[in-house]
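Have a look at the structure below before the remarks.
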Amino acid sequence: MMDYRGQLTLITGASAGLGAEFARQLAARGSGLVLVARRQDRLTALADELIAQYGVAVHTVAQDLSEERVGEKLHATLRERGLKVTSVINNAGFGTFGPFATEDADRLRQEIAVDVSAVVDISRAFINDLRAHGNGVLVNLASMAAYAASPRMAVYGATKAFVLSFTEALWEESRGTGLKVMALSPGATATEFFDMVGSQDAAGGTRLQRPEEVVATALRALDRRNPPSSVIAGRTNRVMEAAMRRLLSRSQATRLIGRLTQSPA
């Protein structure tokens with residue numbers, strides 16, 4: 001089992017949803033935390049809660065992850081505070097929903113910046129520190145959307161396919177360093193994600209998982225001596241992914257997902 005005592009874990013998108021749940025479960029296991037999100041008021045409230053309940057050190061950084069060189073900025077900010085991160089959870093992200101041809105171009109650029117560029121930039125800025133520590137984790141949030149094209153969420157699905165491939169490559173490159181690297185792929189989860197997307201149709205009619213379930217799946221996988229390069233949260237999601245991969249061509253899978261996410265007339 002992973003020992004998080006003495007660790008300092010940076011969590012992006014920590015103000016709500018899966019990020020806040022990662023913070024709670026890691027604090028319960030003794031990890032110090034660096035909570036990163038745009039909303040300082042929420043970060044402060046969560047930090048106060050975790051310090052009071054678990055007695056761990058909690059630091060906050062209000063940061064817009066769509067900015068350029070965000071990894072360097074975070075690393076420099078923490079260095080100035082005398083803080084050295086030993087684990088990273090790249091959780092922040094958001095999606096857009098609708099026909100690609102009608103999407104707002106600026107919003108799509110921001111989506112790519114947060115969901116792809118920030119993940120790469122933060123991973124690059126911190127990975128050598130994580131390897132030097134030799135007993136930390138790097139978890140990047142992918143999605144069930146990574147495993148097949150996502151009509152009406154074309155950009156979001158593509159960003160998560162990138163995160164999955166990128167993280168699995170880092171898993172192989174990091175073998176023997178002591179750093180555990182893993183992509184986590186939740187399905188539809190009861191967070192603010194669908195409020196930002198603007199439609200429950202993006203869930204495709206599936207049951208929403210609870211954040212507690214998703215995070216527990218990730219931590220159980222990381223507790224293994226040799227964690228997998230990626231893990232899908234939820235038995236139903238794992239069965240669906242395996243069935244689609246074995247029984248459907250990529251075109252058939254894309255058409256099926258398109259029907260599931262189509263708004264009712």
Side-chain angles (χ1 to χ4, degrees), residues 17-18 90-120 123 139-173 181-191 193-209 213-214 217-218 221 228-265:
L18 290 173
N90 274 313
N91 164 76
F94 72 92
T96 53
F97 184 78
F100 175 75
T102 62
E103 293 277 23
D104 179 83
D106 287 335
R107 188 63 169 164
L108 293 179
R109 280 188 283 271
Q110 187 180 37
E111 184 177 5
I112 294 168
V114 174
D115 293 5
V116 173
S117 299
V119 173
V120 173
S123 297
V139 177
N140 293 330
L141 263 289
S143 167
M144 283 295 290
Y147 295 92
S150 301
R152 281 169 286 283
M153 296 187 76
V155 171
Y156 179 75
T159 68
K160 293 305 180 180
F162 174 92
V163 170
L164 178 63
S165 176
F166 169 69
T167 307
E168 290 184 328
L170 295 189
W171 171 83
E172 171 60 24
E173 291 183 15
V181 178
M182 188 180 75
L184 171 63
S185 295
T189 306
T191 66
F193 177 85
F194 295 103
D195 295 332
M196 294 191 68
V197 167
S199 175
Q200 288 290 327
D201 293 332
T206 59
R207 181 187 76 85
L208 298 185
Q209 287 185 282
E213 298 171 325
V214 175
T217 295
S229 59
S230 59
V231 64
I232 294 173
R235 182 177 183 276
T236 300
N237 292 327
R238 291 191 292 272
V239 170
M240 287 177 57
E241 188 277 329
M244 289 178 61
R245 175 165 35 86
R246 294 170 183 170
L247 301 177
L248 301 178
S249 68
R250 289 186 62 85
S251 296
Q252 289 171 327
T254 302
R255 295 198 66 184
L256 173 61
I257 294 169
R259 288 196 293 272
L260 290 174
T261 57
Q262 189 168 13
S263 300

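Side chains are part of it too, since the values below use all heavy atoms of this structure and drop only hydrogens, waters and symmetry mates. For reference, positions follow the sequence shown, starting with 1.
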Which heavy atom of [X] sits nearest to which heavy atom of [Y], and what is that distance?
X: A233; Y: T217; value: CA-CG2, 4.0 Å
X: A253; Y: M244; value: CB-CE, 3.5 Å
X: I257; Y: A149; value: CD1-O, 3.5 Å
X: V114; Y: G93; value: CG1-CA, 3.9 Å

Residues forming a side chain to side chain contact (heavy atoms under 4.5 Å, CB included) with [X], sequence neighbours excluded:
X: S229; result: E168, W171
X: R109; result: A105, D106
X: S165; result: none
X: F162; result: V116, V120, F166

Notebook entry, point to check: Who are the salt bridge (charged side-chain N to carboxylate O under 4.0 Å, His left out) partners of R245, not counting sequence neighbours?
Noted result: E241

Check: Between the main-chain N or O of A148 and the side-chain N or O of R250, is there a donor-acceptor pair closer than 3.5 Å?
Finding: no

Checklist line | Under 3.5 Å donor-acceptor, D115 side chain and F94 backbone | finding: yes

Contact check, side chains of [X] and [Y], non-hydrogen atoms, under 4.5 Å:
X: M240; Y: Y147; value: no
X: T261; Y: S150; value: no
X: T167; Y: S230; value: no

Quick check for you: to the nearest 0.5 Å, what is the distance between [X] atom [atom1] and [Y] atom [atom2]?
X: T96; Y: D104; atom1: OG1; atom2: CG; value: 9.5 Å
X: T159; Y: L141; atom1: OG1; atom2: CG; value: 11.0 Å
X: E111; Y: S117; atom1: CD; atom2: OG; value: 11.5 Å
X: N237; Y: T189; atom1: CG; atom2: OG1; value: 8.0 Å
X: E103; Y: M153; atom1: CD; atom2: CE; value: 9.0 Å
X: S143; Y: I232; atom1: OG; atom2: CD1; value: 10.0 Å

Margin query: Using the side-chain hydrogen bond (donor to acceptor under 3.5 Å, both in side chains) criterion, which residues pair with E173? Sequence neighbours excluded.
Written below: none

Margin query: If we count only N and O atoms by modelled type, under 3.5 Å, do the side chains of Q252 and R255 hold a donor and an acceptor together?
Written below: no

